[in-house]
Structures are given as structure tokens and as C-alpha cells.
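Single-structure report; data block below.
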Amino acid sequence: MAFVSGLRCRECSREYPGEALNVCDFCFGPLEVVYDYATISEVVSRDRIAAGPLSIWRYHDLLPASGEDPVDIMAGFTPLLKARNLGERLGLKNLYIKNDSVNPSFSFKDRVVSVAATKAREFGFETIACASTGNLACSVAAHAARAGLRSVVFIPSDLERGKVIGAAVYGPTMVAVEGTYDEVNRLCSEVGDNYPWAFVNINMRPYYAEGSKTLGYEVAEQLGWRIPDHVVIPSASGAMFTKIWKGFNELACLGLLDGVDSMTFGPDQNTVHHPAITTKMHMAQAEGCSPIVNAWTEGQTQVRPVRPDSIAKSLAIGNPADGIYALRVIKESDGSAYAVPEPEVVEGIKLLAETEGIFTETAGGVTVSALKYLAESGAIGADELTVAYITGNGLKTQEAVEGVVDPLFIRPTMGSFEEALEGRAAKVSS
Amino acid sequence: MGRQRVKFTFDGDLVKEPIIYMLGRDFHLVTNIRRADVGDALGWVVLEVDGEKEEIERGLQWVSSTGVRVDPISGDVLQG
């Protein structure tokens, strides 16, 4: 069973039953899940977690859907790799990569969609839906297939073929919308309000977003129930950023971290901050769509929406729903926010691939380039325990790195091969 | 009749314009503000708009044409 008491408005604190709702009827603020932490603290333990499946559902006590029969394509429990080569390049001795690009549909979205799909089935929905330019569409279609649900996926009509195929293969009803970014957004929001579907990031949003907490839990568990000194996280809506922070704080409050005493949750569960959680939260966005970073840099508490124009399309959210909450987390954690210049996004992808053998999509390039900046600027010390989150697979955005293809063309003879090899060696040494 | 929940974001001098009043006067829409934060250089208002569907459509298009940004209250739902 799920230990959920209901939903609560993040702005005015009005309470609602745990249904398929996402907005407060009174102030139109976002609704968040309210947990029964008193009961959770009685049942949850490290042993109980360790005995669970090797997926996000090992943390089912801390998720808003029942872990008894989840819609599970084995999302989560992805590798946490000690990044020795990249660390050496950046002067960081304690660097780890959380490689979430190896999820079943190749992005972290599987975590949030697994929770949303499970909840949708629990509520009796027969259709799950989303509006997406890539990762989310793939994940929704894949989970729907597993759950035996119908899926409807809205995509912009000019979406790259590779991304369309990656979602279409799972058999969703695919709707290609002609129109600008804003028009697609508005239409999908209207559809979400008018159709009896589980729209994962609209009426399922309170539950969906909670899936990202598992990125915090897993890193802590994989580090031996410790938290890092720094994390570097790519951000679009800001939801994942705030949920990783929430995940660390939940573990601390429940007494699951090494050497940390438990603490009661206050009335606002979403802003709880255990004093032992000293991780500095660093946000990474690409310069072509960096509304949250802009607000942070300008010292604003509000986020001014932008029109996205970035190579990092998976981060291209111009009007981030959780932007103001992410700003609060940066401040509370004494973290930072950095907008990566667009040309450096590809540099980041290449740097990670060449040093650690991990091929990430553009969002990962943003993370690695931001990490490089933070290391070079001294914001992260050489010995500090640092985790960089890589949230999507490079096979999804191959066009971004087309320039790396530069083979040696030879005739099928040893002479031709050796000549070409010498030529390349000479070119490299010059 | 129709109803829409929207967020207006006002940048710069637009903060001083009586946009919401004009939406009611010129498009016969009933506006109901639920939450707002208006500063010197940036402001936003979350509101519900009631009226004829066509007038809501025309009215919101007019608001956009003034330079005020009009968004769904849930933020962008088109995700990567």
C-alpha cells in the first residue's frame, strides 16, 4: 500500500483527497502529495529497501503508488560510476556519474512515468497521455504497452524522425501538432483539462514528479547511505531538481542516512530541510533556454518565461512550472546555477564519451560542461564528493554530434591502411 | 460559454497597463484573479477567464499581441 494521506496546495496549503488532481481550485497553485511519515518511519528500513527489486520500486514505501503491482519496466537502480578519467581531467578526485541514460527507454523519464502509470491504473484510467519532444513520449508509450493501457502522445509535427520512431515503436496513438511551441503547449494543456485521460504531467503531475526522488535515494544508497557534497543536475521544469533535494531530506528525516538522527517532518513536507543535508545543489541549463538560471543570476525570486532556442531540446521548457521552487532549493542548499554556452553542450557530450565511455544526449552535455565550469571556478573542491546526473542517452540526439564522424578511408590493402594510419598520426601530432 | 485558467506575465512597462480591465471591457469577459505577484519590472497574475469561447480566444490573442505572455497555469506541458 501507499502511505499517502492526500494532496496539499503548495501555495495556500488547502487539502484535497488523493485523486487525479494537480491544481488547487482556490488559488490555482500546484498540488503536492502528503505522506503519512509517522507510519512510513515504522516500516521503512535499509534492509527492507535492499530486499526490494532492482528498480525504483525498492523505495515503494516512499512513493505515492502501491508497490504491490507497479507498472515496472525496471526503471532505476542505474549505475553510479566513479569517474576517474573525467575527474582527472577536471581536477576532481571524488567524482561520480549517475548514469541514468541506461534506463529501459533510455532516460530518467522512466522513473516518473512508472509512478504516474501505476497511479493511473490505480485510479482506473484506460489511457495515459503526454506532450513531448522526445524522452517523455518514449517512456509513456513504453509503460502503456507494459501496462496494457492505451497511450496518446502529442508531438510537434516537425520533430526529428529518430525521436518519432523511438516512441512510435511501442504503438501509441501519435498526434503530430502543427504550430509554434506555445500553441502546442496551450492545446495540450486544454486537452489535458477536457479528456478523461491520465495526462502524466498534468493531472498526474503530483504523483509523476515524486518518481524523481528516487534519483536522490539511489545515489545515497549507492554511496553507502551517504550524501554527496555537491550534485550537478540538468534542469528543465525544475521538478527533478527539487525532488532530488526532497529525496535526500526524506532519507535524513527518516534516519536512513549513516550517522544522521531522524527528525520529524514539519507541516510543509515539501520544504523540510534536515540540518545534516549539506549537499550543494548546482543547476545546469543551456544558454538558449535558461529561465531559472537567469532568475538566479539576477537575484529574482520569480522566473521570467523565455522562448526556447537551444540544442538541448530535452531541457527546453521556457515556462518552468517548478522554477520558483528550484530557486529556493539553490538558495537553501547554498548551491548555484549556471547557463552553459550552446557550443559547449556538444563539447560536454564528447568529453564524457571520451573519458568515461558514456554517450549522453544534449542534456548530459549541459551537465558535464556545467561540472567543468564549477570545477575550474573552484566552486567544487578537488576532494569533495561530487555526483553529476546524466539523464538521457546519446542515441536520441545523434545529430548533435554528427561532426565526430571522421573515418580513415582506405583501399583493402595493408599498405593503404598503414599509410592512412601514419597520416592520421601526423595530423594528430601536428 | 467557456472558461480558461491562464497565467499572464508582464515584463517592463507592461506592468503599468490595465490589461485585465480592458479584457473585461472590450471582450465582455469576466476575470477572476486568484494569485498574483507584481513587482517594478516583472509581474504575473493567475486568473480565470469566463465568457463566450470565441471571445476568450480573441481576448487572449489580444493580450498576447500587447506583449504580455499568456501561458497555461500548469507551466509548459510540452516536455523533452
Side-chain angles (χ1 to χ4, degrees), chain A residues 11-12 22-30 107 109 130-137 154-156 177 181-182 184-186 188-193 199-203 205 236-238 295 300-305 307-308 312-323 361-363 392, chain B residues 1-15 19-20 23 29-80:
Chain A
E11 293 298 326
C12 72
N22 66 314
V23 171
C24 172
D25 263 343
F26 184 79
C27 75
F28 297 168
S107 83
K109 293 289 186 190
C130 74
S132 171
T133 55
N135 291 333
L136 184 58
F154 292 81
I155 58 166
V177 187
Y181 173 86
D182 288 346
V184 178
N185 250 318
R186 219 166 293 151
C188 294
S189 187
E190 217 177 321
V191 172
D193 288 340
F199 227 105
V200 294
N201 55 344
I202 302 182
N203 56 346
R205 188 176 172 84
S237 73
Q300 301 276 354
T301 52
Q302 300 299 337
V303 176
R304 180 184 280 118
R307 292 223 150 69
K313 297 214 181 331
S314 58
L315 300 181
I317 288 192
N319 181 25
D322 288 87
E361 57 143 318
T362 44
Chain B
M1 293 292 279
R3 174 177 290 175
Q4 263 199 54
R5 296 168 168 186
V6 287
K7 179 181 182 184
F8 292 167
T9 305
F10 303 76
D11 218 338
D13 279 350
L14 284 166
V15 166
I19 301 283
I20 296 173
L23 196 57
L29 300 177
V30 177
T31 52
N32 187 354
I33 296 173
R34 300 301 183 90
R35 209 152 37 93
D37 186 350
V38 181
D40 290 342
L42 180 68
W44 58 261
V45 178
V46 167
L47 71 164
E48 194 163 57
V49 183
D50 270 291
E52 294 296 333
K53 273 187 180 173
E54 297 74 23
E55 287 301 284
I56 292 176
E57 192 68 28
R58 277 196 336 114
L60 295 180
Q61 270 174 15
W62 170 77
V63 175
S64 289
S65 74
T66 65
V68 171
R69 190 174 158 126
V70 181
D71 287 298
I73 54 167
S74 305
D76 286 358
V77 297
L78 179 61
Q79 297 202 350

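Chain identifiers are assigned alphabetically (A, B, ...) following the order of the sequence lines, protein sequences preceding nucleic acid strands; residue numbering begins at 1 within each chain.
Side-chain atoms of B:Asp76 never come within 3.5 Å of backbone atoms of A:Ile317 as a donor-acceptor pair (strictly under, hydrogens ignored).
Atom-to-atom distance recorded for A:Gln300:CD and B:Leu42:CG is 6.0 Å, nearest 0.5 angstrom. Note: B:Leu78 CG to A:Cys130 SG = 9.0 Å, rounded to the nearest 0.5 Å.
Counting heavy atoms from C-beta on, the side chains of B:Glu48 and A:Phe28 come closer than 4.5 Å. A 4.5 Å side-chain heavy-atom check between A:Asn319 and B:Arg69 finds at least one atom pair inside the cut-off.
The shortest heavy-atom contact between B:Arg35 and A:Cys27 is NE-O, 3.0 Å. The shortest heavy-atom contact between A:Ala321 and B:Ser74 is CB-O, 3.4 Å. For the pair A:Cys188 and B:Val77, the tightest heavy-atom approach, listed with the atom from each and the gap, is CB-CG2, 3.8 Å.
When each of B:Val46, B:Thr9, B:Asp71, B:Val70 is scored by its heavy-atom pairs under 4.5 Å with chain A, the top score falls to B:Asp71. Taking chain B as the reference chain and counting heavy-atom pairs below 4.5 Å, the highest number among A:Gly192, A:Ser237, A:Gly29, A:Ala137 is found for A:Gly29.
A salt bridge does not link B:Arg34 with A:Asp25: every distance from a Lys NZ or Arg NE/NH1/NH2 to an Asp or Glu carboxylate oxygen is 4.0 Å or more.
For B:Ile33, no part sits under 4.5 Å from any heavy atom of chain A, backbone or side chain. Heavy-atom distances place both the backbone and the side chain of A:Asn135 under 4.5 Å from chain B. Proximity to chain B (any heavy atom under 4.5 Å) is restricted, for A:Glu11, to the side chain, taken from C-beta onward. For A:Phe199, no part lies under 4.5 angstrom from a heavy atom of chain B. Looking at A:Pro320, there are no atoms closer than 4.5 Å to chain B (heavy atoms on both sides), in backbone or side chain. For A:Leu136, the parts lying under 4.5 angstrom from a heavy atom of chain B are both the backbone and the side chain.
Atom CG of B:Asn32 has more than 12 heavy atoms from other residues, nucleotides or ligands within 6.0 Å.
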